[in-house]
Amino acid sequence: MLGTAQVRTFEHMIRSEQEQQRIDSVHALRAKGIEPYPAASFEVTHHSGPLKEDFKEGVKVRMAGRLMNRRIMGKASFAELQDREGSLQIYLNRDELCPGEDKGLYNDVFKKLLDRGDFIGVEGETFLTQVGEPSVKVTSLTVLSKAIRPLPAVKVEEDGTVHDAFTDPELRYRMRYVDLVVNPKVKETFAARSTIIRKIRDSFDAKGWMEVDTPVLQSIPGGAAARPFATHHNALDIPLYLRIANELYLKRLIVGGFDGVYEFSRNFRNEGMDRTHNPEFTVLELYVAYQDYHWMMETTETLFGDLAQAVHGTTQVALGAHTIDFAPPYARVTMRDAILEHAKVDIDGLDEEGLRDACQEHGIDTDESMGRGKLIDELFGEKCEHHYIQPTFICDYPTDMSPLTKAHRDKPGYTERFELMINGTEVANAYSELNDPLDQRARFEDQLTLSERGDDEAMYIDHDFLRALEYGMPPTSGIGIGIDRLVMMMTNQTSIQEVLLFPQMRPEAFESGAGDADFSALGVPEAWNEHLVAAGFPTPKEVLDAKPTQVHQRLNGFRKKNKLDLPALSLEEVTNWYSDTSS
RNA sequence: GACCUGGUAGCUCAGCUGGUUAGAGCAUCUCACUUUUAAUGAGAGGGUCCUGGGUUCGAGUCCCAGCCGGGUCACCA
C-alpha cells in the first residue's frame, strides 16, 4: 500500500499528456462519487470464449475485463470487452444504460472518463447485431480499475491483418504484462507451455512416479558441467551455489527406495545468453529404477507424441520452414554412425591424436585441454548436429564425456547414453545411470585430471553422492528434458525469450521518488544534490552501484531536460566521485 | 567477449548528397452521429530526434565516446 505522501510524489512524476488526462479522470470519477478502484468483488457469470462458441441470444450475463477499442456513435457505442479468453463486443445504448433523467453514466463516465485498457464489469443480455456479431447489450456498467498508462494501440482487421503491432522485443520482454494484453498469440504460447507441463505431470503421476523437490542451494554444484552462480550463507558462513542440475539428488532418492521420481528443476548457469540460452532455465528430470536407456527412448517418444497431440491435436507440428513429426518411433543413430555419415570419420580406432587431426581437417579449432570425448563432441556439434531436424536419438556417447553414465553393455569405451535432437537442437539427454560406485569414483577422478589439464567444465566430486551409491542404487534410467526448448519446438518459436514469461534482461533504470541524501562525501557539487535524487539516485549507494558513464549521461540528460542553470558535468568529474570514496 | 545493426510523438514508422518552425497513420482532446467493427466526418494538441562531446554559418542527418536493445559468432543446454 502506498502512503499519501508517495501517491502525491507519483502524481508529480513527469507524465505524458495522455497519462495526465487519465489521472484527471481518476479524480473526476471520485468527484462524481464513483470509486475508480473499488474493493468489492464483482461476480462474473460468463467468459467471452465459451459464450461465443455456443452463442445464444437473450442470455443474461455478468462479465468483466478490459475495455478495448471503443467505437462511439453519439447515443450508442460499441466496444470490445477483453477477458482471459479473448474478447466479446459490448453494445451500450444511452437510454438503455441510463433509463432515467440522469444520463451521466453514459455521457460522462463511459464516453469521457473511461479509456481503452480500463477494467470494467458489465451486466446485460446477449444479442446479434445487424451484421451478425455476437454482442452483449449492457444495462449496467461498473468501473473496476482505471488504467493510467495507455496501452499500445494495436488494431486487428477481420482478415487478421495487424496494424501498429507492439513488436519491439525489448519492450515486449521488459513489459510482458503489456505484451500479453495486446498480443493474443503470446498468451497462446504460454498456455501451450502450461498444457505441456500439466500433461507431463499427469502422465507421470498416472505411472506412480513421484514429484519431488530437491535443493536449489547446493554446496557442491554437481550433476553437470557449467559455471555456477555463487552466493554466501551468512549463518553457516559458507559459499553456496545455485544448482546447475539436480541429477545427483534425484539419484540419492532412488537409493532411498523411490523407484520413480521427477522434478521440474529450475537450473542456473552463469554463462552466455542467446536465443537458446537464458541464465535460468527449466529441465524436467526423471529417474526410473530397473529400466535402461532403451526403455527411456520408448518412454520419451511416446510422451512427445502425446504432448504434440495435447497441444495441437496432431503429431505434425510446424516449426519454421519444417514440419516436425512427433509420432513415435524416432530414428536411433549411434554417435559413431552420425560422425561417419556427416564427417566421414570413423571415431572407432582413432586415438586422441587421430581425432585431433580429423578435427583440424574439418576446420575445427582444438587445444591441448581437449580429451578424446571433447574432440568427438566437437566433431558431432560442428558437422552432424544441425542435420537432425526430425526427432532423432543420438546414442552411445564416448565414456570420457559422460562421467555419470553406465558403461555400454557391449561396446568398450562407450556409454549407454542418448540425446534427443529436434530441429538441430538438443532437447533431452538420458542415460542408463552409472550405479557402480567404484567406477563412479574412478570417473570423478578422471574429471579431476581433465580439470587439471585445463578443462574448466570438468565436474566437481561429490563425496556424499559417492557414499550414497556405495549403499547401493538399483539399475536406473534417467532423463533430463529441456522444457523451454521443448516448448519452443512445440510452439514454433525460435527464441527462448518467447517461451519464458520474464527472460533475463539488463536491469532498467527508473526515476524514483524524493528523499534526502548527502552526496557531499562523494565530492558532488552542492548545487547538484537535489537533482541527483530527482534524476533517480536517492542515495550515494545508487550512484556508486551504477557505472560512472551511466551516471554522467543520466545527470546531463536530466540537466538538459529540466533546463537546469548549471554547467554540464564532465565524465572525468563524475569518475572522480568514485575514486574519492575509495581512498 | 568480437562483429553487424537499430534507438525520431503513447504505438508503428517516414525524414534524400547536412539547410526554414521535424512529418504520416493510429492513439489522445473538442464537435457531430442510436447496430459499428482498422467505425466515419470536421478540427486541435502532443517531440530530452537515446546521452555527451566534436566538425560546421547551420546537425535528427557527419565524426568520436558512451547508454540500451536486436542479430550473428564464440561458450554452453
Side-chain angles (χ1 to χ4, degrees), chain A residues 14-22 24 69-80 87 89 91-96 106 112 115-117 127-133 135 137 149-159 161-174 178 182 224-227 244-245 267 269-279 281-283 365 377 381 419 425-429 456-457 480-485 495-497 505-509 546-563 568-571 574:
Chain A
I14 295 152
R15 294 288 189 183
S16 74
E17 186 189 26
Q18 291 187 42
E19 289 169 357
Q20 194 51 56
Q21 281 161 356
R22 284 163 175 245
D24 292 345
N69 225 11
R70 284 184 303 169
R71 299 177 288 280
I72 297 175
M73 301 166 301
K75 299 185 186 67
S77 299
F78 290 93
E80 301 297 320
S87 69
Q89 175 165 277
Y91 172 74
L92 298 95
N93 180 301
R94 186 193 68 182
D95 297 322
E96 294 189 55
Y106 180 78
K112 292 197 167 66
D115 293 281
R116 174 194 171 80
F127 76 108
L128 282 171
T129 62
Q130 284 179 353
V131 290
E133 178 77 17
S135 308
K137 186 177 291 180
R149 292 181 187 253
L151 289 164
V154 181
K155 289 199 171 186
V156 184
E157 276 185 80
E158 211 146 294
D159 63 10
T161 315
V162 180
H163 299 268
D164 301 329
F166 180 63
T167 51
D168 183 333
E170 172 172 9
L171 296 176
R172 287 186 46 232
Y173 301 153
R174 283 197 193 283
V178 174
V182 229
R227 296 215 314 267
I244 57 174
N267 293 346
R269 298 189 184 175
N270 205 341
E271 284 162 358
M273 293 162 59
D274 60 31
R275 65 182 197 189
T276 53
H277 298 86
N278 192 68
F281 61 105
T282 304
V283 173
D365 288 337
D377 193 33
E419 290 192 357
T425 308
E426 179 198 339
V427 174
N429 179 19
D456 57 2
E457 291 168 8
I481 297 171
I483 291 294
D484 311 299
R485 286 184 179 181
S495 155
I496 198 170
Q497 281 124 333
M505 303 281 281
R506 189 179 291 276
E508 196 178 355
K547 291 183 197 166
T549 47
Q550 200 181 348
V551 173
H552 170 238
Q553 295 202 1
R554 189 113 64 89
L555 291 181
N556 278 328
F558 185 83
R559 168 181 167 268
K560 187 174 169 186
K561 182 179 185 176
N562 295 289
K563 299 184 172 59
L569 292 159
S570 69
L571 178 57
V574 174

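Each chain gets a letter, A, B and so on, in the order the sequences are listed, and its residues count up from 1.
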* Tell me what A:Val427 touches on the nucleic acid: a base, only sugar-phosphate, or nothing, going by heavy atoms under 4.0 Å. => nothing
* Asked: From B:G10, B:C11, B:U37, pick the nucleotide closest to the side chain of A:Gln89?
  -> B:U37
* What nucleic acid atoms does A:Arg174 come within less than 4.0 Å of, heavy atoms only: base, sugar-phosphate, or nothing? -> sugar-phosphate
* Asked: Which whole number of Å gives the distance between the P atom of B:C57 and that of B:C16?
  -> 22 Å
* **Identity of whatever pairs with B:C26 - Watson-Crick or G-U, under 3.5 angstrom** => B:G10
* Have a look at A:Thr276 and say if it touches a base, only the backbone sugar-phosphate, or nothing, with a 4.0 Å heavy-atom cut-off. => base
* State plainly whether the residues A:Glu19 and A:Arg149 are in salt-bridge range, i.e. N to O under 4.0 Å. => yes
* To do: Name the nucleic acid region contacted by A:Asn278, choosing base, sugar-phosphate or nothing; use a 4.0 angstrom heavy-atom cut-off, strictly under.
  => base
* Asked: Any side-chain N or O of A:Arg71 under 4.0 Å from OP1/OP2 of B:A39?
  -> yes
* Structure fact -> The nucleotide from B:G10, B:C68, B:U12 with an atom nearest the side chain of A:Phe166 is B:U12
* To do: Taking atom types as modelled, find out whether A:Gln497 and A:Ser495 have a side-chain donor-acceptor pair closer than 3.5 angstrom.
  => yes
* Asked: Given B:A38, is OP1 or OP2 found less than 4.0 Å from the side-chain N or O atoms of A:Lys155?
  -> no
* Starting from the 5' end of RNA chain B, give me the residue, A:Arg94 or A:Pro169, whose nearest nucleotide shows up first. => A:Arg94
* For A:Glu19 and B:C29, what is the distance between atoms CD and P respectively, to the nearest whole Å? -> 14 Å
* Distance under 6.0 Å and angle within 45° of the ring axis: does A:Lys137 meet both against A:Tyr91? -> no
* side chain to side chain contact (heavy atoms under 4.5 Å, CB included) between A:Lys75 and A:Asn93: does it pass, once the steps are laid out? -> CA-CA 6 Å; A:Lys75 299 185 186 67; A:Asn93 180 301; 5.8 Å; no
Please produce a list of atom pairs where a protein N or O lies less than 3.5 Å from an N or O of nucleotides 13-15 of chain B.
none

* Asked: Which is true for A:Asp95 with a 4.0 Å heavy-atom rule: it touches a base, it touches only sugar-phosphate, or it touches nothing?
  -> base
* For the pair A:Glu80 and A:Arg71, find out whether any cationic side-chain nitrogen is under 4.0 Å from an anionic carboxylate oxygen. => yes
* To do: Mark yes or no for a side-chain to base donor-acceptor pair under 3.5 Å between A:Glu17 and B:G45, with no hydrogen or angle criteria applied.
  => yes
* Closest listed nucleotide, where the reference is the side chain of A:Ala153 and the choices are B:A27, B:G70, B:C11 -> B:A27
* Asked: With sugar-phosphate meaning primed atoms plus P, OP1 and OP2, does A:Gln18 contact a base, only sugar-phosphate, or nothing at under 4.0 Å between heavy atoms?
  -> base
* Asked: Starting at CE of A:Met73 and ending at P of B:U37, how long is that distance when rounded to a whole Å?
  -> 8 Å
Polar-atom pairs under 3.5 Å, protein N or O versus N or O of nucleotides 72-74 of chain B: list them with distances, or write none.
residue	atom	partner	partner atom	Å
B:U72	OP1	A:Arg275	NH1	2.5
B:U72	OP1	A:Arg275	NH2	3.3

* To do: Using the C1' atoms only, state how far B:C29 lies from B:G45, rounded to an integer number of Å.
  => 7 Å
* To do: Could you give the distance separating B:G70 and B:U56 at their C1' atoms, to the nearest angstrom?
  => 33 Å
* **Between B:C13 and B:G52 - P atom distance, rounded Å** => 25 Å
* OP1 or OP2 of B:C26 sitting under 4.0 Å from any side-chain N/O of A:Asn69? -> no
* Taking A:Tyr106 for the side chain and A:Ala76 for the main chain, is one N or O donor matched with an acceptor at less than 3.5 Å? -> yes
* Asked: Base, sugar-phosphate, or nothing for A:Leu151, non-hydrogen atoms under 4.0 angstrom?
  -> nothing
* Under 3.5 Å on both distances, the Watson-Crick or G-U partner of B:U20 -> none
